[in-house]
Structure formats: structure tokens, C-alpha cells
Amino acid sequence: MLKYLNLALLIAFPIAWFAPLMRAGINLPLFGLKEVSVISGLQALWDTDVILALLVTFFAVFAPIMKVLGLALIQFGMTRRKMLPIFNVLGKLAMADIFLIALYIVIVKGVGMAKIETGWGLYLFTACVLTSIAISFTTAKWQRF
């Protein structure tokens with residue numbers, strides 16, 4: 001069952017990348033809020049800061065998928081269990097992206113010039129990352145016996 005939950009993350013992560021993480025706009029009543037997703041945020045970053053865009057792309061896109069695929073290889077017996085600590089680190093790197101988004105929301109709300117509302121995509125992305133970490137933890141415990 002754990003194997004299939006892990007593989008389900010291959011569908012859930014891309015949905016989370018396109019889901020709205022937040023709605024942001026100017027703190028005035030006549031202006032609407034623009035939805036920001038992982039993908040739209042990355043597109044904006046590529047235009048302004050390539051180094052930061054590379055980091056966020058690695059943390060939000062490549063690290064989670066590499067972890068899910070690596071864990072699947074272990075679960076299906078296609079690679080050695082010795083690789084599990086490496087894949088666990090990749091899963092924890094995805095949490096850095098969630099931290100950055102949360103920090104951004106707190107900073108912008110603190111300034112008060114813009115309006116930020118969290119979207120359901122932030123919760124979905126967080127749930128995907130935490131589920132991935134829980135699966136790897138359970139796999140490590142299960143594979144010891």
C-alpha cells in the first residue's frame with residue numbers, strides 16, 4: 001500500500017505546482033488579487049533572478065520528484081536500501097521551499113502595503129511533502145525487518 005501512496009505523489013506534486021499558493025495584490029479595494037502558483041512564481045523568477053530561480057526549481061520541483069522516484073526504486077527492490085538517507089535529504093529540501101513561501105507571506109503581511117491570502121495549493125504542496133517524508137520514514141522502519 002505504501003508503494004502506491006508514494007506513486008500517487010507523482011500525480012499530486014504536479015497538481016500542487018499549478019495550484020494557487022497564494023493570492024496577492026495591492027491593499028486597495030478596487031484592485032483584484034493575482035493568484036500565484038509554484039510554476040507562475042518560477043516563471044517570474046526566471047525573468048528577474050536566475051540563481052534564485054534555479055534554487056527554487058530544485059527545491060520545489062526536482063527534489064520532491066527525485067525523492068519519490070528513488071523511494072519507489074527502493075520499495076520495488078530495484079535499488080539498495082543504502083540510498084534511503086540520500087532520498088530522505090531530498091524530501092527535506094522541499095520543505096525549504098515551503099518555508100520560503102511562508103516567510104514571504106509573513107513579511108508582506110507585516111509591511112501592510114499588499115494583501116496576501118494563502119491558497120489551497122500551499123496546503124496541498126505541504127501535504128505532499130509531509131506525506132513523502134512520512135512514507136520514507138515508514139519505509140525505513142519497515143525495511144529493517
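Just so it is clear, the structure is predicted and the values come from calculations on it, not from any experiment.
A distance of 14.5 Å separates CE in Met78 from CE in Met83, rounded to the nearest 0.5 Å. Taking CG from Leu84 and OG1 from Thr79, the interatomic distance works out to 10.5 Å, rounded to the nearest 0.5 Å. With rounding to the nearest 0.5 angstrom, the CG atom of Leu69 is 9.0 Å from the CZ atom of Phe87. Going from atom CE of Met66 over to atom CG of Leu71 covers 13.0 Å, rounded to the nearest 0.5 Å. For the atom pair CG of Leu42 and CG of Leu54, the computed distance is 10.0 Å after rounding to the nearest 0.5 Å. If you take CZ on Phe137 and CG on Leu130, they are separated by 13.5 Å, rounding to the nearest 0.5 Å.
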Using a 3.5 Å cut-off and no angle test, enumerate the donor-acceptor pairs between side-chain atoms of residues 2-19 and protein atoms at least two apart in sequence or in another chain.
{"unit_1": "Asn6", "atom_1": "ND2", "unit_2": "Val68", "atom_2": "O", "d": "3.1"}
{"unit_1": "Asn6", "atom_1": "ND2", "unit_2": "Gln75", "atom_2": "OE1", "d": "3.3"}
{"unit_1": "Trp17", "atom_1": "NE1", "unit_2": "Ala60", "atom_2": "O", "d": "2.8"}

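Residues Ile74 and Arg80 come closest through the heavy atom pair CG1-O, 3.7 Å. Closest heavy-atom contact between Phe59 and Ala63: O-CB, 4.0 Å.
Residues satisfying the side chain to side chain donor-acceptor pair (under 3.5 Å) criterion with Ser37, sequence neighbours excluded, are Ser40.
In this structure, Lys67 and Phe62 have side chains that are not in contact, with every pair of non-hydrogen atoms separated by 4.5 Å or more. By the 4.5 Å heavy-atom criterion applied to side chains, Trp120 and Leu21 are not counted as neighbours.
Applying the side chain to side chain donor-acceptor pair (under 3.5 Å) test to pairs two or more places apart or on separate chains, none has a residue in residues 45-66.
Hydrophobic clustering of Ile, Leu, Val, Met, Phe, Trp and Tyr side chains at less than 4.5 Å, counting indirect connections, unites Val61 with Ile133. Hydrophobic clustering of Ile, Leu, Val, Met, Phe, Trp and Tyr side chains at less than 4.5 Å, counting indirect connections, keeps Leu55 apart from Val36.
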